[in-house]
Protein chains: 2
Amino acid sequence: MDDHVRRHAEVLVDYCTDIGAEDDVLIRAPTAAEELVVALYEQVGKRGARPVTSWRNARAGRAYARTMDSGNYRTKEHELAAMEETDVVILISGETNTAEGADVDSEKAAASSRARGPILDERLDKQWVITQHPTPAHAQKAGMSTEAWTDFVYGAIDRDWSAQHTIREQLVELLDPAEEVRIVSGEATDIRLSVDGMGTLNDDGEENMPGGEVATVPVPGGVNGEVAFDLPLRRNGRETHDASLTFENGEVVEHAAGRNEAVLTSLLETDEGARRVGELGIGMNHGIDRVIHDLLFDEKTAETVHLALGDAIEECMPDGRESNESAIHVDMLVDMSSDSRIELDGEVVQRDGAFRFEEGFDG
Amino acid sequence: MDDHVRRHAEVLVDYCTDIGAEDDVLIRAPTAAEELVVALYEQVGKRGARPVTSWRNARAGRAYARTMDSGNYRTKEHELAAMEETDVVILISGETNTAEGADVDSEKAAASSRARGPILDERLDKQWVITQHPTPAHAQKAGMSTEAWTDFVYGAIDRDWSAQHTIREQLVELLDPAEEVRIVSGEATDIRLSVDGMGTLNDDGEENMPGGEVATVPVPGGVNGEVAFDLPLRRNGRETHDASLTFENGEVVEHAAGRNEAVLTSLLETDEGARRVGELGIGMNHGIDRVIHDLLFDEKTAETVHLALGDAIEECMPDGRESNESAIHVDMLVDMSSDSRIELDGEVVQRDGAFRFEEGFDG
């Protein structure tokens, strides 16, 4: 077995989830990630736990969507029952063809997401981690050779997570007591998010491997302004370019896109919570040296921020406060590397990608 | 999509299981059967039902068994919960390497089987079908080219199941009222099974695709004599050659094998029920023209009979009679083509492979 694959499995089982003999482990993985599944079974066996693997199969999913009536989508009770009895979930991406969903009707994709809602809710209550196995298809999407992509992925995963934590903690200390975040980028983005009393997450890579962001959730109703996203929004194999959203009192009131606007529209119509922000994330992983059009990595990239539509991050919600609920949680990215700033309660803490506590900050 | 694969999926979804919009469908499939999984999703979508696929992965299973302690095997509660909520189960074999389990400790394989017992019980209460997708590894095992093997598999599946039923019904009418079956083959096999009052199954291919056998279950305690098996017993990638069993009052009291006897021993020690016969099957599928060392096909081959150790066929049990229970159900084959006979209550109904109602019978 390849050492990188074995090390990846060790990080997932030991560091991210700390699996023990009492655990029922659910792995969800695509065909092309078979090597990592084999490595995980080796590690899970060492811990005396019990794994099953649910086969994520984009070709099968497409074939199903094309013959299924939109009206027939219902929650898969057997999948939900399995999730209820699961202790640890390991979700692996790594496609054979990232465009497999390109000819699936977006209304059906949304119906499928809605039907999965209760399963997502249940999963978020477990110990879970999302990761990626390097495949030629993702290398292609990133415009990289398979070998360079493989090095990139393992480079992002095999890191000193404790040193990274300390760097991010400086931002957490500024953000946590703040009442309002303002994000300005170019002409098209100027948005204010009330975060008064909300928790702040220092992402150590336990739920996303690789990790490396700082995140919070806006106060319900407390999002106003406009935001233009710099990276294509990919959803079920299709891309929406130049998406922009206008918020009033926490809700999307206008949306537009330069290509495939229907994908964005159908996303917003998934359910009530899909029109609200469930996360503000700030990328701080200096180990990821470029945006490669893969959100698991991109959202951790330094000099970017992202907003997620949909389900709110539970860990950031203060006790007793109701969080935004949705069957979706879709991250959208803004490049902050130039002509941009982050303000906390009117004070600039990042300008053109450099934080106040970093070299090169020009307040 | 290949027409044979699509037709195979149609047979499974329409003929074998008759899936409807109310059904939660569980598919269990190995990597190499991906084409059939895609075809099944297309058909299941047409019926408006809800599929999930559990990835059978022999490499992962081996990696797990090698690091797992025998004492740690317990029933996977999440897998059991999924099975409980399932309506239809489609089990697909079709390996990449049929010897993947060759270096797995047989004690661990038995512990794993025991732990799966409750899941097997639950599955047997559902609508289920076992089938096979043609792969190069199974072609190799059969000593055939991949193309010839593929033709063989689809030739066995694409049959006129109603005409086959009529042929088998002639044996059912003889066997059903009989009190005792005696099977004699060469010097080494002479065994008597009491079948008084037990049901007789005419296998139409609804649970095994391909189908084509007639089966019954012996009365508990009513098996006496010796049987020598003509085909290697394959179990978890290992072969036991020249296996023989001696029964007294329904239980195995002696066993031997020419090679890998430990596999047979560990099988018999799985649980109480593993030492008793759960099935007597008589192959009658004239469409399968040779024994190819794959039991799904071999046990249907004309001019063979088989005994299964372990769990009894529920459909053959009269109301109120307790059936043999076990975590295993392992079929073992006897060649009846020469120097052999089947007697029912002392009357010869098959000699040297030819039935009384067939041409060439020499009573």
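Values reported hereafter were calculated over all heavy atoms of this structure, with side chains retained and with hydrogens, waters and symmetry mates removed.
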Contact origin within A/Ala65 toward chain B - heavy atom pairs under 4.5 Å:
neither
Of the non-hydrogen atoms in A/Lys76 and B/Val52, which two are nearest, and what is the gap between them?
CD-CG1, 3.6 Å
Can you name the ring-ring contact (aromatic ring centres under 6.0 Å, His included) partners of B/His329, sequence neighbours left out?
none
Please report the closest heavy-atom contact between A/Ala82 and B/Ala82, naming both atoms and the distance.
CB-CB, 3.8 Å
Just by distance, do the side chain of B/His78 and the backbone of A/Met83 share a donor-acceptor pair under 3.5 Å?
no
In Å and rounded to the nearest 0.5 Å, what is the CD to CD distance from A/Glu85 to B/Glu84?
8.0 Å
Look at the aromatic rings of A/Tyr64 and B/Tyr41 and report parallel, tilted or perpendicular, splitting at 30° and 60°.
perpendicular
Which distance, rounded to the nearest 0.5 Å, do you find between the CG of A/Asp69 and the CZ of B/Arg47?
13.5 Å
Is a side-chain donor or acceptor of A/Ser54 paired with a backbone partner of B/Ser54 at a separation under 3.5 angstrom?
no
Could you give the distance from OG1 (B/Thr86) to CD (A/Glu77), rounded to the nearest 0.5 Å?
10.5 Å
Tell me, for A/Arg74 versus chain B, whether the close heavy atoms (under 4.5 Å) come from the side chain, the backbone, both or neither.
both
Best-contacting candidate, A/Gly61, A/Ala39, A/Gly48, against chain B by heavy atom pairs under 4.5 angstrom
A/Gly48
A/Glu79 side, atom CD; B/Asp24 side, atom CG - distance, nearest 0.5 Å
9.5 Å
Can you tell me how far the CE atom of B/Met68 sits from the NZ atom of A/Lys46, to the nearest 0.5 Å?
14.0 Å
Taken to the nearest 0.5 Å, the spacing of B/Arg56 CZ from A/Trp55 CH2 works out to 11.5 Å
Between A/Glu35 and B/Arg59, is there a side-chain N and carboxylate O pair less than 4.0 Å apart?
yes
Can you sort out the partners of A/Trp149 under ring-ring contact (aromatic ring centres under 6.0 Å, His included), two or more places apart, ordered by chain and number?
A/Phe152, A/Phe297
Part of B/Ala115 within contact of chain A (heavy atom distance under 4.5 Å)
neither
Sub-4.5 Å side-chain heavy-atom contact between A/Val38 and B/Asn57:
yes
